[in-house]
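This report concerns only the one structure given below.
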Amino acid sequence: MQNFDFRSPTYFAFGRDTEHRAGELCRRFGAKKVLLHYGQGSVIRSGLLDRVKQSLEAAGVDFVELGGVVPNPHLSLVYEGIEICRRESVDLILAVGAGSAIDSAKAIAVGAVNQEDIWQLITERKEITKALPVATVLTLPATGSEASSSTVITNTATKQKYGFGSELLRPVFSIMNPELTFTLPQYQTACGIMDMMSHLFERYFTPSTGVDLTDRMIEACLLSIIDNTKVVMQEPVNYDARANLMWAGTLAHNNIVGVGRVQDWSSHAMEHELSALYDVAHGAGLAVVFPAFMRYTMDHDIERYAQLASRVWQVEPQFKNLRQTALAGIEALEAFIRDELKLPLSFAELGAKAEDIPYLTERCRFGAQDKLGHFRPLSRADVAEIYKLAL
């Protein structure tokens with residue numbers, strides 16, 4: 001196990017009707033004027049935004065608004081939010097919605113109090129020393145952004161989608177009411193589930209040894225996600241299933257299951273290029289990339305793949321042929337994506353094109369020694385082959 005520092009300071013208000021506590025919690029965390037940041041309409045149509053506003057008014061917290069966040073949140077709206085925060089002397093940003101609203105809020109929080117251009121900070125991955133506090137009212141379990149230290153923003157002008165991280169970006173509080181997810185379309189629910197599973201896989205595929213505790217924690221989260229997915233797809237208003245999925249999404253990405261181990265993240269980097277170019281849902285892109293990544297890297301650590309297959313997918317281990325066990329695990333994941341989540345498994349289903357593979361490969365953010373990821377560091381040729389496997 002690697003040395004690690006870990007701090008997860010987010011205060012969670014979890015359960016029914018907790019959105020009514022938004023004003024109380026904003027005051028508790030010192031807010032006098034809040035930027036309410038949200039998407040394009042569902043939080044308005046459902047009445048959630050009105051309930052949050054009423055809570056703020058009752059608590060005597062002033063607020064201004066900025067709606068319009070879209071999936072793969074756009075840099076252009078971030079700039080608009082930065083201007084509002086500076087002009088209105090906002091001291092906390094409250095994101096009401098899914099991961100895109102939260103990610104957009106985090107980027108605004110950095111840009112509002114730093115003189116350097118926010119896109120420059122993101123692309124150069126510069127360390128920051130200040131940011132406005134961010135809080136959330138979560139409506140879709142998926143990205144884990146309600147407790148994570150990261151954000152992902154899309155520059156539509158350059159077709160780039162980049163992540164950025166800082167401990168200053170962990171929300172000060174997150175309100176999580178599973179009832180707010182009852183009316184989610186099945187497709188959005190499925191994309192969210194694939195996203196949280198991918199956060200777990202990115203941590204599971206590691207070169208680190210002596211990490212059986214976090215292996216077991218990841219496996220437990222995956223088992224719970226799989227079981228509760230099967231319930232939710234048949235019973236969308238099952239509170240306990242929705243609650244377990246909502247909390248699983250948080251645990252998958254607040255890094256409690258990722259400490260002490262080197263993490264991979266090459267699949268996310270490859271998917272970011274798909275969603276930047278084609279504007280596809282992040283979870284749908286991951287459903288295409290991850291099985292291809294697994295097939296390509298399986299032989300690098302066949303024991304780990306066989307372990308995952310046995311412990312999570314209940315594959316009977318073939319000790320004389322671990323490769324067969326590992327392959328059966330990957331096939332079980334593909335069956336889950338196809339039959340339970342009903343998400344795409346190929347470029348063709350996603351709407352991606354084989355002729356774009358050189359472009360996608362070139363745009364990936366390769367790191368040290370021109371390699372991507374850490375489990376089995378990938379060259380540009382490797383990345384192109386994984387994209388080809390996904391055709």
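When a residue number appears, it is its place in the shown sequence, counting from 1.
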Are [X] and [Y] linked by a side-chain donor-acceptor pair shorter than 3.5 Å?
| X | Y | result |
| --- | --- | --- |
| T136 | K106 | no |
| Y38 | E65 | yes |
| D195 | S198 | no |
| E19 | S55 | no |
| Q120 | D117 | no |
| R261 | H374 | no |

Using the ring of each side chain (for Trp, its six-membered ring), is [X] parallel, tilted or perpendicular to [Y], with breaks at 30° and 60°?
| X | Y | result |
| --- | --- | --- |
| H272 | H282 | tilted |
| F201 | F290 | tilted |
| F375 | H300 | perpendicular |

ILVMFWY cluster, [X] and [Y] together (side-chain gap under 4.5 Å):
| X | Y | result |
| --- | --- | --- |
| V70 | L48 | no |
| L25 | I93 | no |
| L180 | M196 | no |

Counting distance only, does the side-chain N/O of [X] pair as donor-acceptor with the main-chain N or O of [Y] below 3.5 Å?
| X | Y | result |
| --- | --- | --- |
| S208 | V262 | yes |
| K342 | D339 | yes |
| T229 | I225 | yes |

Under a 4.0 Å threshold between the charged nitrogen and the carboxylate oxygen, would [Y] count as salt-bridged to [X]?
| X | Y | answer |
| --- | --- | --- |
| D301 | R376 | no |
| R338 | E349 | no |
| K53 | E57 | no |

Between CG of L274 and CG of L286, what distance do you get to the nearest 0.5 Å?
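Spacing of CG (L274) from CG (L286) equals 9.0 Å.
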From W313 CH2 over to I330 CD1, what is the distance, rounded to the nearest 0.5 angstrom?
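Here the interatomic distance stands at 11.5 Å.
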Could you please spell out the steps behind the side-chain contact (heavy atoms from CB on, under 4.5 Å) verdict for R21 and R28?
CA-CA 10 Å; R21 297 180 58 192; R28 182 186 300 188; 3.9 Å; yes
Any chance you could lay out the salt bridge (Lys or Arg N to Asp or Glu O under 4.0 Å) test for K353 and E355, step after step, and finish with the verdict?
CA-CA 5 Å; K353 301 173 183 177; E355 56 263 35; 5.1 Å; no
If you compare all heavy atoms of [X] against all heavy atoms of [Y], which two are closest, and at what distance to 0.1 Å?
| X | Y | value |
| --- | --- | --- |
| L92 | A31 | CB-CB, 3.8 Å |
| V315 | A328 | CG1-CB, 3.7 Å |
| N254 | F6 | O-CE1, 3.3 Å |
| D279 | P71 | OD1-O, 4.2 Å |

Dump the intermediate steps for salt bridge (Lys or Arg N to Asp or Glu O under 4.0 Å) on R170 and E167, then the final yes or no.
CA-CA 6 Å; R170 289 191 189 269; E167 288 299 313; 2.7 Å; yes
Test the R304-Y204 pair against the cation-pi criterion, namely NZ or CZ under 6.0 angstrom from the six-membered ring centroid and within 45° of the ring axis.
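Yes.
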Report yes if the distance between the aromatic ring centroids of F12 and W247 is under 6.0 Å, otherwise no.
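Yes.
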